[in-house]
There are 2 protein chains.
Amino acid sequence: MTISQVSKEYIELIPNLFKSFQRLNQKSSNLTHLQNQILEFVFMNHNPVTIKQISEGLNVPKQQMTDLLKRLFDWGYITKSQNKNDKRSFVIELTEKGKTSQQEKWTKIYQSFVNDLSKLDSEEQQDLQYALHKVNYLLKKMED
Amino acid sequence: MTISQVSKEYIELIPNLFKSFQRLNQKSSNLTHLQNQILEFVFMNHNPVTIKQISEGLNVPKQQMTDLLKRLFDWGYITKSQNKNDKRSFVIELTEKGKTSQQEKWTKIYQSFVNDLSKLDSEEQQDLQYALHKVNYLLKKMED
DNA sequence: GAATTTAGTAAATTATTATTTACTAAATTC
DNA sequence: GAATTTAGTAAATAATAATTTACTAAATTC
C-alpha cells in the first residue's frame with residue numbers, strides 16, 4: 001500500500017458525494033446563497049462559532065458578515081452573544097428555526113439515499129454500512 | 001442491519017468531507033463563485049453537458065447562464081458547440097485552461113489529505129484504503 | 001402540418017456580494 | 001502602561017446574481 005493509493009480513493013470519494021453536497025448548497029426558501037452557507041457552516045460546526053471563524057471558514061470578508069448576520073438575526077435564524085473569553089468577539093448559534101431550516105435539507109438527502117439503497121442487495125448494504133463506519137472512524141481520527 | 005443504520009453512516013460521512021468540499025466551492029483567482037460552480041459542475045460530469053443540464057444541476061435560471069457562459073467563453077475556460085442530436089441546444093466543455101483551474105483545487109485537497117494521513121499508523125492507512133475502495137464501489141453501483 | 005413544447009437568447013430592474021477605507025474597543029506585546 | 005494587534009462595525013461604491021417578461025428557432029405532439 002502506498003500513500004498515493006489511499007489518497008486516490010479519497011479523491012474519488014468526493015465526486016460520489018457531489019450530489020448530496022449540491023443539495024446542501026442550494027438556497028432554501030427565502031434565504032440567499034450566502035446566508036445559507038453561513039447557517040450550514042454554523043450547523044456543521046456543532047459548537048458555537050465566532051464571526052471571525054465563519055468569515056475565515058467561508059472566505060467571506062468580515063465586513064460583509066456584519067450585514068449578513070444582522071439579517072439572519074432579525075429573521076430569527078441565529079443568536080449572537082458576547083464571547084465570555086474575549087469581549088471583543090461574538091458567538092453565533094442557531095435558533096430552533098435556524099436548525100430546522102438546515103435539517104430539512106439533510107432529511108431530503110437521507111430520503112434520497114434510502115431510495116437509492118434499493119439498488120444494492122442486502123449483503124451489499126451490510127458491506128456498505130461496515131465500510132462507511134470504518135471510513136467515518138478513521139477520517140475523524142485524522143482530523144485531530 | 002437496518003436501512004436506517006447504513007443511512008446514518010452516510011449522513012455522518014458528509015460532514016467529514018465538508019472541508020474538502022468547501023475548498024472546491026471557494027472562488028479561485030479571478031472567477032466569481034458562480035463561475036466556479038459552473039466549471040466545477042462541468043469538470044465533475046466528465047462528459048460534455050448542455051446549458052440546460054448546468055442550469056438545472058446548479059439551480060440557476062437558464063437566463064442567467066447566457067451571460068455567465070459568455071464570459072467563461074470569452075476568457076477561454078470553456079468551449080460551446082452545437083449539439084448534433086438537438087440543434088436547439090449547445091454542448092459545453094472545458095478547455096485546457098478550464099480543466100487546469102479546477103485541477104489546482106483538487107491538488108490542494110489531495111495534498112492536505114496526504115498531510116493528515118500521517119496521523120494514522122500504517123495499518124490504519126491500509127484499512128482506510130480498503131474501506132474507501134468499498135464505499136466508492138458501492139456508491140457508484142447505487143447511482144446506476 | 002398546425003399547435004405546442006423546449007433550449008436558449010435578450011434586456012431591463014432589483015437584490016446581493018465584493019471591495020475599500022475608516023473607525024471603535026478589547027486584548028497582547030514590549 | 002504605551003504601542004500594536006485583533007474582532008468587529010460602518011458606510012460607500014462597484015460588480016455580480018436573481019427575477020421578470022418577451023423573443024427565436026428547432027423539436028414534438030396530435
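Computed from heavy atoms alone, side chains included, the values below leave out hydrogens, waters and symmetry copies. Protein chains get the first letters and strands the later ones, always in sequence-line order, with residue 1 at the start of each. Note that this is a predicted model, so its numbers are computed, not measured.
Taking atom CD of A:Q35 as the reference point, atom C1' of C:dA18 lies 15 Å away to the nearest angstrom. Atom pair B:L34:CG and C:dA15:C1' shows a separation of 14 Å (rounding to whole Å applied). Between the CG atom of B:L72 and the C1' atom of D:dT16 there is a distance of 13 Å, rounded to whole Å. One can place NZ of B:K84 at 15 Å from P of D:dA27, the figure rounded to the nearest angstrom. To the nearest angstrom, P of C:dA15 lies 21 Å from NE2 of B:H33. Between the CG atom of B:L31 and the P atom of D:dT16 there is a distance of 10 Å, given to the nearest Å. Atoms CG (B:N83) and P (D:dA25) sit 19 Å apart, rounded to a whole Å. What separates CD of B:Q37 from P of C:dT17 is a distance of 13 Å, to the nearest Å.
At D:dA17, none of the side-chain N or O atoms of A:T32 fall inside 4.0 Å of OP1 or OP2 (strictly under the cut-off). Checking the phosphate oxygens (OP1, OP2) of D:dA18, a side-chain nitrogen or oxygen of B:Q64 falls inside 4.0 Å.
In this model, no donor atom of one side chain and acceptor atom of the other lie less than 3.5 Å apart for B:S122 and B:Q125.
When the ring-ring contact (aromatic ring centres under 6.0 Å, His included) test is applied to A:F21, the partners found at least two apart in sequence or on another chain are B:F21. Every residue two or more places apart in sequence or in another chain was checked for a side-chain contact (heavy atoms from CB on, under 4.5 Å) with B:S118, and none qualifies.
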How does each nucleotide of nucleotides 6-12 of chain C score, in 5' to 3' order, for protein heavy atoms under 4.0 Å: base (B), sugar-phosphate only (S), or none (-)? BBBBB--
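Two residues, A:V60 and A:K87, neighbour DNA chain C, and the one matched to the more 5' nucleotide by heavy-atom proximity is A:V60.
Every pair passing ring-ring contact (aromatic ring centres under 6.0 Å, His included) that includes a residue from residues 111-144 of chain B is listed here, sequence neighbours excluded: A:Y10-B:F113. Contacts classified as salt bridge (Lys or Arg N to Asp or Glu O under 4.0 Å) and involving residues 126-137 of chain B (residues at least two apart or in different chains) are given here: A:D127-B:K134, A:K134-B:D127. Screening residues 39-58 of chain A for salt bridge (Lys or Arg N to Asp or Glu O under 4.0 Å), with sequence neighbours left out, gives A:E40-A:K105, A:K52-A:E56. Residue pairs meeting the side chain to side chain donor-acceptor pair (under 3.5 Å) criterion with at least one member in residues 62-72 of chain A, sequence neighbours excluded, are A:K70-A:D74. Identified under the salt bridge (Lys or Arg N to Asp or Glu O under 4.0 Å) test for residues 2-19 of chain B, with sequence neighbours left out: A:K140-B:E12.
Stem regions annotated for DNA chain D: C:1-30 with D:1-30, counting only runs of 3 or more consecutive pairs of Watson-Crick or G-U type with both contacts under 3.5 Å.
The CG atom of B:L31 sits 12.0 Å away from the CD atom of B:Q37 when rounded to the nearest 0.5 Å.
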